[in-house]
Amino acid sequence: MYAFPASLRKLALSAVHVLLIVLILHVPLNDSNVQCKYALAPTRINSSECPPQSQLDAIFNQINADVTTLIMAAQNCLAPLGTVQSKPANSCREIYFANSGSQTGLYWVINSTGAVFQVTCRFDRFANFSSFNANITNGFAAFTSLDMSDTTQQCPSPLKYLNSSGLRLCYKGVSTSCASLTVPTFGLSYQTVCGKMAGYEIGSDDGFKTSTSSIDSSYVDGVSITYGKNPRRHIWTFAIGVYQTSHTNSCPCTASGTAPPSFVGTNYYCESGNSGSSWSNVLYSSDLLWDGKNCGDASASCCTNQNQPWFCNRLSVATVGDVEMRICTDEAMNNEDVGLQSFEFYVQ
């Protein structure tokens, strides 16, 4: 049997007590001397025994207010987790386990500081993510996304807008190093980060670098996904090789491609949009990157991950830190850049 909270039981008893007072009064329905409009049963009494009408009005107004409050409290108490502000969940995952039939939409959650706010919970991505890790279940908070094929969307700062070959893209827009974009998680605790990204090669992107192994540097031509500050911690890397053929600056899946730094491990995708053996400072618009398609014969193993275009990484410990997306190259824009078309990020 469901146990109502003590505060709800107290409110119910208060309403009952008020009602009992009225019953004890035996208020008459009508009388030759006085009319009492709230009578419960017809009884003839002296007018001096009937409470003043103003007192009866006050009693029944209080009953009405208490009953209304009781009904609202009961509705909130019985409402599914996360559907009302007074009953926030700790995560979208908790909402899923409380009600596996939950539909994707806005839900109330509470973060590590006690702040209550609404977030979009997705309950339709589990099929994409479950194969990464047995500990991943349904119920993800969606914090940011971009789809530049939607003409109403704009590039988030500090990224710059590029319209080329009929494509609306966002590019780095700084001469060297990395352009950083914060994906705020608003203090919500999470241990899994999933999502996908799509973009294009511009110029001579050179994959992973042999000159540096620092996560804080431009260790890749592509996109670095991390969390935390001092130190940054790696989540996923989207690398761009210079050619689909074997070369030092091609993807690690080619015979001569440079391997990723140790902090990246196997948590990366790498692809090239250039099927030739030389490069120009152009947008290679014929091949969308990181989708597991059209990798070329020499780099075919770059496209063998059945989970692409989705990525997922379960962190060693839970965190409340924001996610950081850095678009990186180590040479000038007239030599190389990254054209982003879309991305999505989810945490659990």
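Keep in mind that the numbers below use all heavy atoms, side chains included, and drop hydrogens, waters and symmetry copies.
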Within-4.5 Å side-chain heavy-atom neighbours: Val347 and Phe143: yes
Counterpart residues, side-chain contact (heavy atoms from CB on, under 4.5 Å), relative to Ala255 (two or more places apart): Ser246
Close side-chain approach of Thr319 to Gln191, heavy-atom, < 4.5 Å: no
Pairs where residues 278-306 contributes a residue and the test salt bridge (charged side-chain N to carboxylate O under 4.0 Å, His left out) is met, not counting sequence neighbours: none
Heavy-atom side-chain proximity of Ser250 to Ser256 below 4.5 angstrom: no
Any Val320 side-chain heavy atom under 4.5 Å of Thr113 side chain: no
Nearest-0.5 Å distance that lies between atom OG in Ser165 and atom CG in Leu283: 5.0 Å
Working for disulfide bond (SG atoms under 2.5 Å apart), residues Cys251 and Cys302: CA-CA 8 Å; Cys251 291; Cys302 289; 4.3 Å; no
Least distance between heavy atoms, Glu336 atom then Thr329 atom: OE2-CB, 3.5 Å
Glu344 and Trp310, any side-chain heavy atoms less than 4.5 Å apart: yes
Pair listing, salt bridge (charged side-chain N to carboxylate O under 4.0 Å, His left out) test, anchored in residues 198-209, at least two apart: Asp206-Lys209, Lys209-Asp221, Lys209-Asp330
Spacing of Leu188 atom CG and Asn90 atom CG [to the nearest 0.5 Å]: 8.5 Å
Residues forming a ring-ring contact (aromatic ring centres under 6.0 Å, His included) with Tyr284, sequence neighbours excluded: none
Verdict with supporting geometry, Cys328 and Cys178, disulfide bond (SG atoms under 2.5 Å apart): CA-CA 4 Å; Cys328 299; Cys178 302; 2.1 Å; yes
Ile327 and Met325, any side-chain heavy atoms less than 4.5 Å apart: yes
Least distance between heavy atoms, Gly321 atom then Tyr190 atom: O-OH, 2.5 Å
Check against side chain to side chain contact (heavy atoms under 4.5 Å, CB included), Thr192 and Leu315: CA-CA 6 Å; Thr192 302; Leu315 311 178; over 6 Å; no
Verdict with reasoning, Cys170 to Cys155, per disulfide bond (SG atoms under 2.5 Å apart): CA-CA 6 Å; Cys170 300; Cys155 295; 2.1 Å; yes
Sequence neighbours excluded - salt bridge (charged side-chain N to carboxylate O under 4.0 Å, His left out) pairs with any residue from residues 232-249: Asp216-Arg232, Arg232-Glu324
Worked verdict on Val282 versus Ile202 for side chain to side chain contact (heavy atoms under 4.5 Å, CB included): CA-CA 6 Å; Val282 298; Ile202 300 176; over 6 Å; no
Donor-acceptor under 3.5 Å (Asn111 side chain, Ala115 main chain): yes
Gap between atom OG1 of Thr120 and atom CG of Leu106 - 0.5 Å precision: 4.5 Å
Ser180 side chain to Arg326 side chain, donor-acceptor N/O pair below 3.5 angstrom: no
Shortest non-hydrogen contact between Leu181 and Ser157, atoms and distance: CD1-O, 3.3 Å
Side chain to side chain donor-acceptor pair (under 3.5 Å) evaluation trace for Ser204 with Asn335: CA-CA 6 Å; Ser204 64; Asn335 186 289; 2.4 Å; yes
Step-by-step side chain to side chain contact (heavy atoms under 4.5 Å, CB included) determination, Tyr107 to Gln118: CA-CA 5 Å; Tyr107 291 85; Gln118 283 186 301; over 6 Å; no
Plane angle bin for Tyr96 and Phe123 - parallel if under 30°, tilted between 30 and 60°, otherwise perpendicular: parallel
Any donor-acceptor pair under 3.5 Å from Asp322 side chain to Thr185 backbone: yes
Side-chain H-bond candidate by donor/acceptor type, Glu271 with Tyr269, under 3.5 Å: no
Heavy-atom donor-acceptor pair, Gln103 side chain to Gly101 backbone, under 3.5 Å: yes
Co-members of Val116 in a cluster of I, L, V, M, F, W and Y side chains, linked at under 4.5 Å: Trp108, Ile110
Polar side-chain atom of Ser272 near backbone of Gly241 as donor-acceptor pair, under 3.5 Å: yes
Criterion disulfide bond (SG atoms under 2.5 Å apart) on Cys121 and Cys92, from CA distance to verdict: CA-CA 6 Å; Cys121 290; Cys92 295; 2.0 Å; yes
Pairing residues for Arg122 by the salt bridge (charged side-chain N to carboxylate O under 4.0 Å, His left out) criterion, not counting sequence neighbours: Asp124
Flag side-chain contact, heavy atom, 4.5 Å: Leu159 against Lys172: no
Smallest separation among heavy atoms of Thr254 and Ser299, with atom names: CG2-CB, 3.6 Å
Sub-4.5 Å side-chain heavy-atom contact between Asn313 and Val193: no
Which residues share a side-chain contact (heavy atoms from CB on, under 4.5 Å) with Asn99, sequence neighbours left out: Ser102
Closest non-hydrogen atom pair, Ser285 against Leu167: CB-CD1, 3.8 Å
Set of residues satisfying ring-ring contact (aromatic ring centres under 6.0 Å, His included) with respect to Phe345, sequence neighbours excluded: Phe343
CG on Leu288 to CG on Asn294, rounded to 0.5 Å: 9.5 Å
Atom pair OG1 (Thr237) and CE (Met197), whose distance is rounded to the nearest 0.5 Å: 10.0 Å
Summary of disulfide bond (SG atoms under 2.5 Å apart) pairs that have at least one residue in residues 180-211, sequence neighbours excluded: Cys194-Cys312
Residue pairs passing the ring pair (Phe, Tyr, Trp, His ring centres under 6.0 Å) test where at least one lies in residues 203-225, sequence neighbours excluded: Phe208-Tyr268, Tyr219-Phe263
Spatial distance of atom CG (Leu340) from atom OH (Tyr171) [nearest 0.5 Å]: 12.5 Å
Closest heavy-atom pair and its distance - Pro184, Thr182: CD-O, 3.3 Å
Chi angles and distances behind the side chain to side chain contact (heavy atoms under 4.5 Å, CB included) call for Ser189, Ser112: CA-CA 7 Å; Ser189 178; Ser112 56; 5.8 Å; no
Sub-6.0 Å ring centroid separation between Trp290 and Phe238: yes
With sequence neighbours excluded, residues passing side-chain contact (heavy atoms from CB on, under 4.5 Å) with Thr245: Tyr243
